[in-house]
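In what follows, a single structure is set out as structure tokens and then discussed.
As the structure lists them, so they are numbered: ligands from 1, and atoms in each ligand from 1. Every heavy atom of this structure was used, including side-chain atoms; hydrogens, water molecules and symmetry mates were not.
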Amino acid sequence: MELKNKKWDLDKFMEFRKEVLQQWPTGKEVDLQEAIAYQKKLGEEKIMAEKLQEAKENEETLIQPRAGVALIEEHIELLKFLRDKGKTDLLPTTIDSYTRQNNYKEAEAGIKESSDEGRSMLNGFPAVNHGVINCRKVVEALDAPLQVRHGTPDARLLAEITLAGGFTDYEGGGISYNIPYAKDVSIEQTLYDWQYVDRLVGYYQEQGVRINREPFGPLTGTLVPPSISHSIAIIEGLLAAEQGVKNLTLGYGQCGNLVQDVAAIKSLEELAQEYLKDYDNIMLTTVFHQWMGGFPQDEAQSFGVISWGAATAALSKATKVIVKTPHEALGIPTKEANAEGLRATKQLINMLKNQELVSNTKLAKEKEMIKKETKQILERVFELGAGDLAQGTVKAFQAGVLDIPFAPSKYNAGNLLPARDDNGAVRYLNHGNLPFSDEVVEFNKQKLEARGEEEAREPSFQMVIDDIYAIGKGMLVGRPR
Ligand SMILES: CC[C@H]1O[C@@H](n2cnc3c(N)ncnc32)[C@H](O)[C@@H]1O
């Protein structure tokens, strides 16, 4: 495998497809030309890029849940419920964990078990096993765009089947679905495999079919500083654009301090436009994920966290918000709980329509620092790759120049330690090998020292631990007992 950030030529891509489509019998159902014709016949209400572009133009924030169950009819019923009772604008199909590990045999067993038990024995929809025809049943039963949400390092066959099946948006990327999800999968391998996915989307695009791509913004979802998630999002966006992707949603996971989170979404959009300027006609949107870390057990408190995420998404003017449920601390939500999270979110989005956070010096300062940190990271990534972003990314992880907090992957340095400052904004307690200027290091240090003074304790690893549990315990900043 020779990894470089260069658009795959068609012959190479078509050669690889033969091997990918043999990985499971349903691969035989994929006929690319037929699939393109099928996609072109879809009603506009099913095209994600259309809905996102319209929302962006109207400065609306659309809402979308996560949802997926094992069997087809039940999955359709669930999604219809979320449309009717949850008033969701956009639909997901969350894929089960076996499929995410390419373990289609176990997924098959799970389908049978679910049908025997009369309830979902998988934590998502096993789209590869169901195949193209059955994916189309789901798409045709609903009146909204469907996006594949998962966490799959090798997502090539899943992409082939779901795109041929009429899904119009595909989440993930070679970093964002590897480092936070896998222990021992090389970055070189997943960057390469995701070039295949993006080349497939680029091929649909060149045939006139708009498929949207959404790198997974939140990463480990635990105190990830904005400049880290922005660096990964922009790298995955650039790698996708090189393969011909034109419709991109870049994402960010809520940290919890309003000014920092609004600054994060606005800086993400501005940075992405800057870095993507050499690619024509990119339709860029943003997604804000409601808090991805530990939730309170108490449902009323959970609605507080959900509403805070909804308010922040609206004030940041993100194109869409991914919604949590009051069952977050318990596990997979019931369809009722899922719909409640959506209705609570929609209430806030509606109440905050046409309102915006007053631009002030604090917001400007946060944007400035996020941009500085992100640019300093990306500049080094390009240097390490001698101008090749894919090579630079591999080398940056080896050097700890890219480093995602609390990631399970052995390819992640894990030197970085984030902690909240006195206002709850996420700062670098230890920036590891991130290539930050003295000014940036000093800025983060001072913010944490100010908290230390308030709490009469030195900034320390204990703060990190306290912050990880804080929201679950009803706080934002993990104050000492
Ligand atoms: C990324 C993790 C998030 O995805 C959610 N999730 C994972 N699988 C499902 C599922 N099958 N239905 C609804 N939500 C789900 C989980 O509750 C958590 O909020």
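For ligand 1, the atoms sitting less than 4.0 Å from at least one non-hydrogen atom of T94 are 8 (N), 9 (C), numbered in the order shown with element in parentheses. Close contacts between ligand 1 and P333 involve ligand atoms 13 (C), 14 (N) [criterion: under 4.0 Å to a heavy atom].
Relative ring orientation between H150 and Y177 is described as perpendicular, the plane-to-plane angle rising above 60° on a 0-90° scale split at 30° and 60°.
Of all the listed residues (H289, H75, M292, R66), R66 holds the heavy atom that lies closest to atom 13 (C) of ligand 1. When L78, N338, L82, I332 are checked for heavy-atom proximity to atom 8 (N) of ligand 1, I332 turns out nearest. Here atom 11 (N) of ligand 1 lies nearest to N123 when heavy atoms of T325, I322, V323, N123 are compared.
Closest to atom 12 (N) of ligand 1 among all protein heavy atoms lies A67 CA, 3.5 Å.
Comment: R427 engages E366 in a salt bridge, judged by a side-chain N to carboxylate O separation of less than 4.0 angstrom. Comment: D116 engages K112 in a salt bridge, judged by a side-chain N to carboxylate O separation of less than 4.0 angstrom. The pair K346-D89 meets the salt-bridge criterion, since a charged nitrogen lies less than 4.0 angstrom from a carboxylate oxygen. The pair D466-R479 does not meet the salt-bridge criterion, since no charged nitrogen lies less than 4.0 angstrom from a carboxylate oxygen.
At under 3.5 Å, a nitrogen or oxygen of G68, whether backbone or side chain, sits near a nitrogen or oxygen of ligand 1. Geometrically, ligand 1 and E328 share a nitrogen or oxygen pair separated by less than 3.5 Å.
In this structure, Y411 has its ring center at least 6.0 angstrom away from the ring center of F397.
Of all the heavy atoms of K324, the ones lying under 4.0 Å from any atom of ligand 1 belong exclusively to the side chain.
In this structure, the side chain of T345 engages the main chain of G341 through a donor-acceptor pair within 3.5 Å.
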